[in-house]
A.B. asks: 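Have a look at this one before I ask anything.
Quick note on labels: first sequence line is chain A, next is B, and so on, each numbered from 1.
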Amino acid sequence: MTIPSEWRRTHLSKEINPSLSGSRVVVLGMILSVRRQGGLCFIILQDGCGMIQVTAHKDKIPSQIFDKLVELKPHSYIGVKGIVKAIEKAPRGVEVEAEDLYVFSEPKKLPPFEMFAKTLPSLDKRLEIRAVDLRRPKSQAIFKLKHQVLQSIRNFLVERNFIEVNTPKIISSATEGGATLFPLLYYDKEAFLAQSPQLYKEQLSSVFERVFEIGPVFRAEKFKTPRHLSEITSVDVEMAFADYRDVMNLLEEMIDYVIRNLIDKCSEELQLLEVKFEEAKTPFKRITYDEAYNILKDLGVEVSWGEDFSTLALKKLGQINKGFYFITDWPTISKPFYIKPKDDNSEISESFDLMYGSLELSSGGSRISSRDLLVKRLKQQGLNPKLFDYHLRIYDYGMPPHAGLGLGLERLMMAITGISNIREVTLFPRDQSRLTP
RNA sequence: GCCCUGGUGGUGUAGCCCGGCCUAGCAUCAGCGGCUGUCGCCCGCUGGACGCGGGUUCAAAUCCCGCCCAGGGCGCCA
């Protein structure tokens with residue numbers, strides 16, 4: 001539809017403030033709520049960046065405009081032309097007193113949830129019409145925060161001379177073994193959706209020294225938990241002439257930077273979601289795998305040295321350690337083939353996981369930069385070095401020491417918002433049973 | 001792959017264990033009416049539900065079996 005020229009927006013909701021009092025404006029947006037009080041009507045109009053209260057007085061405007069306005073339902077997309085009034089009783093001390101109305105769209109039906117409801121339908125029901133669910137201010141706030149987190153991460157890394165790269169998501173073989181990949185047909189060959197940009201970013205660190213990628217990764221494990229998805233956003237960082245201690249320091253600084261930025265720029269969203277950041281003080285605690293192992297043993301939790309901690313074990317650790325903390329120096333056997341064993345003890349690796357309570361947010365470490373050692377480690381892990389030839393051949397031409405990390409963006413959002421279901425912090429989550437929307 | 005829990009109007013729930021007093025309660029919502037400073041408004045009236053199939057019983061929302069769907073846990077998992 002062509003938008004009539006007199007119904008072009010003059011101001012966004014957030015631009016309307018008491019100093020504009022008396023000016024005539026056109027605001028466009030979607031109705032969140034309509035409340036009528038006799039001859040007075042209050043409408044909360046939401047646009048892309050906030051909301052503004054619109055009022056209509058029966059005795060000040062033509063009756064057909066007033067009558068139309070009061071019968072409008074939430075989810076109607078409208079334009080309102082009116083005068084800005086600075087009024088203390090209005091939210092933010094300002095409102096638009098309507099003179100004219102333009103209706104772009106009215107809903108044929110109402111969604112199964114209310115815009116400000118205290119009780120919500122199950123997430124499953126809401127996901128069926130996710131874009132409508134996102135009209136709820138609280139739902140939107142999550143993704144405005146996520147956007148700001150992404151912006152902050154980019155700013156932080158770029159300020160430190162990292163460059164952003166993009167690597168293939170269609171790959172020929174298992175990146176690191178272990179995880180189940182999604183197979184697909186690539187012309188007449190078998191291919192897979194990438195589980196990680198790991199090997200590509202390592203190669204690129206030999207060129208640009210500092211690289212990062214923010215993009216989707218895919219896992220075909222049949223998870224059915226509130227913290228796993230089949231498709232997630234991974235923040236991958238790799239840097240040359242660095243080891244795992246440098247990476248941990250970088251990650252810690254980055255999270256601190258991200259949180260400071262949120263406090264600075266997203267106070268409304270944080271308030272709406274009741275986020276406090278009480279458990280986000282740097283420096284983050286660092287405990288070694290062996291220390292964690294002994295703590296768990298003393299608690300009577302079943303642990304076997306060399307293995308990843310079980311869900312139960314992580315829960316116990318999370319009870320002891322609130323907020324962010326590192327678990328460092330993992331047994332080499334528990335880590336992927338490219339993680340560097342310690343020079344003085346090859347049983348232990350230069351590696352870390354960043355935890356938030358019992359939730360694993362990130363893992364990383366120093367990487368092996370010798371081809372021979374990589375081949376040895378591949379064999380130890382039961383992987384066929386021939387399948388990795390496209391990667392290993394690069395090492396013949398020299399490779400600086402390097403280290404890096406992978407961070408699950410959605411997991412970070414769970415930690416930041418305190419939301420316990422990863423689907424809630426993902427616009428269109430993919431899991432075992434959900435391929436739409 | 002295995003185990004556990006749940007499914008009641010559009011939505012969220014009570015009732016189920018211990019069958020009858022359920023003509024299924026409450027809140028929200030929707031429809032109609034009233035209200036000129038609301039902001040999760042308020043007031044009055046009206047409306048709407050036991051996941052699907054089978055069984056037991058004089059009687060099933062309630063007990064049993066199967067199926068479907070959802071949630072959670074284990075295993076597994078940068």
A.B. asks: Measuring centre to centre across the rings, with the benzene-like ring taken for any Trp, is A:Y244 within less than 6.0 Å of A:F352?
C.D. replies: no
A.B. asks: Just checking, any donor-acceptor pair under 3.5 angstrom between side chains of A:E213 and A:T167?
C.D. replies: yes
A.B. asks: Determine the Euclidean distance between corresponding C1' atoms of B:rA14 and B:rG53; express it in Å to zero decimal places.
C.D. replies: 27 Å
A.B. asks: Do other residues, nucleotides or ligands put more than 12 heavy atoms under 6.0 Å from A:K169 NZ?
C.D. replies: yes
A.B. asks: Just by protein heavy atoms under 4.0 Å, how would nucleotides 35-44 of chain B read 5' to 3' in B, S and -?
C.D. replies: BBBBBBB---
A.B. asks: May I ask you to list the residues of residues 346-371 of chain A, by number, that have any heavy atom positioned under 4.0 Å from an atom of RNA chain B?
C.D. replies: A:E360, A:S363
A.B. asks: Can you check the distance between B:rA61 and B:rC16, where both ends of the measurement are the C1' atom (answer in whole Å)?
C.D. replies: 7 Å
A.B. asks: Rounding to an integer number of angstrom, what distance separates B:rU8 and B:rG47 when you compare their P atoms?
C.D. replies: 23 Å
A.B. asks: Using whole Å, report how far CD of A:Q432 lies from P of B:rC77.
C.D. replies: 16 Å
A.B. asks: How far, in whole Å, is B:rG10 from B:rC29 if one measures between their P atoms?
C.D. replies: 16 Å
A.B. asks: Run the side chain to side chain contact (heavy atoms under 4.5 Å, CB included) check on A:E424 and A:L123 step by step: do they pass?
C.D. replies: CA-CA 7 Å; A:E424 202 79 70; A:L123 178 62; 3.5 Å; yes
A.B. asks: Within this structure, what is the CG-to-P distance between A:L120 and B:rU28, rounded to whole angstrom?
C.D. replies: 16 Å
A.B. asks: Mind listing the N/O atom pairs, protein and nucleotides 68-72 of chain B, below 3.5 Å?
C.D. replies:
none

A.B. asks: May I ask you to decide if A:K85's main-chain N or O and A:E97's side chain share a donor-acceptor pair within less than 3.5 Å?
C.D. replies: no
A.B. asks: I'd like to know if the side chain of A:E410 pairs up with that of A:T233 as donor and acceptor (distance under 3.5 Å, no hydrogens or angles considered).
C.D. replies: yes
A.B. asks: Inspect the contact between A:D329 and A:K342 and indicate whether a charged nitrogen and a carboxylate oxygen are less than 4.0 angstrom apart.
C.D. replies: yes
A.B. asks: Considering only atom C1', compute the distance from B:rG15 to B:rA49 and round it to an integer number of Å.
C.D. replies: 13 Å
A.B. asks: Between B:rC17 and B:rG44, how many Å separate the two C1' atoms, rounded to a whole number?
C.D. replies: 40 Å
A.B. asks: B:rG12 P sits how many Å from A:R136 CZ, rounded?
C.D. replies: 12 Å
A.B. asks: Restricting to nitrogen or oxygen on both sides, can you table the protein-nucleotides 1-6 of chain B pairs closer than 3.5 Å?
C.D. replies:
none

A.B. asks: Is any NZ, NE, NH1 or NH2 atom of the basic residue among A:D389 and A:R371 found under 4.0 Å from an Asp or Glu carboxylate oxygen of the other?
C.D. replies: yes
A.B. asks: Please confirm whether the ring centroid of A:W330 lies under 6.0 Å from the ring centroid of A:F309.
C.D. replies: yes
A.B. asks: Return the value, rounded to whole Å, for the distance between atom CD1 of A:I129 and atom C1' of B:rG10.
C.D. replies: 11 Å
A.B. asks: Taking A:R24 first and then A:E99, would you say they form a salt bridge - that is, a charged N and a carboxylate O separated by under 4.0 Å?
C.D. replies: yes
A.B. asks: Determine the interatomic distance between P on B:rU46 and the same-named atom on B:rA24; round to the nearest Å.
C.D. replies: 15 Å
A.B. asks: Distance only, no hydrogens: is a donor on one side chain within 3.5 Å (strictly under) of an acceptor on the other, for A:E202 and A:H402?
C.D. replies: yes
A.B. asks: Let me know the distance between CG of A:D133 and C1' of B:rU11, rounded to the nearest Å.
C.D. replies: 13 Å
A.B. asks: If you measure from the Lys or Arg side-chain nitrogens to the Asp or Glu carboxylate oxygens, is any gap between A:E238 and A:R367 under 4.0 Å?
C.D. replies: yes
A.B. asks: Which of these, A:D67, A:V70, A:L40, sits in a side chain to side chain contact (heavy atoms under 4.5 Å, CB included) with A:K58?
C.D. replies: A:D67
A.B. asks: Donor-acceptor pair under 3.5 Å: do we get one between A:E114's side chain and the base of B:rG10?
C.D. replies: yes
A.B. asks: Over 60° means perpendicular and under 30° means parallel, so classify the ring planes of A:Y200 and A:Y390, tilted if in between.
C.D. replies: tilted
A.B. asks: Assuming nearest nucleotide by heavy-atom distance, tell me which of A:T311 and A:I232 is located more 5' along RNA chain B.
C.D. replies: A:T311
A.B. asks: Nearest whole Å is fine: how far is B:rA30 C1' from A:F113 CZ?
C.D. replies: 16 Å
A.B. asks: Whole Å only: how far is the CE atom of A:M115 from the P atom of B:rU11?
C.D. replies: 17 Å
A.B. asks: In this structure, how many angstroms lie between the C1' atom of B:rG75 and the CG atom of A:D308, rounded?
C.D. replies: 13 Å
A.B. asks: Quick check: A:F192 with A:Y186 (ring centres under 6.0 Å apart)?
C.D. replies: no
A.B. asks: Using the C1' atom as the reference point in each nucleotide, state the distance between B:rC35 and B:rC26 in Å, no decimals.
C.D. replies: 26 Å
A.B. asks: Please list, chain by chain and in numerical order, all residues satisfying ring-ring contact (aromatic ring centres under 6.0 Å, His included) with A:F182, sequence neighbours excluded.
C.D. replies: none
A.B. asks: Give RNA chain B the dot-bracket treatment, 5' to 3': Watson-Crick (N1-N3 with N6-O4 or O6-N4) or G-U (N1-O2, O6-N3) under 3.5 Å, [ ] crossing, | other strand.
C.D. replies: (((((((..((((......[....))))((((((.......))))))...(((((..]....))))))))))))....
A.B. asks: Checking all strands, does A:K201 fall into the base, sugar-phosphate, or nothing category for heavy-atom contacts under 4.0 angstrom?
C.D. replies: nothing
A.B. asks: Could you tell me whether A:R160 sits above the aromatic face of A:F156, with NZ or CZ closer than 6.0 angstrom to the six-membered ring centre and within 45 degrees of the axis?
C.D. replies: yes
A.B. asks: Taking the ring centre of each residue, are A:F324 and A:Y356 less than 6.0 Å apart?
C.D. replies: yes
A.B. asks: Tell me which nucleotide among B:rC77, B:rU11, B:rA78 gets nearest to the side chain of A:P112.
C.D. replies: B:rU11
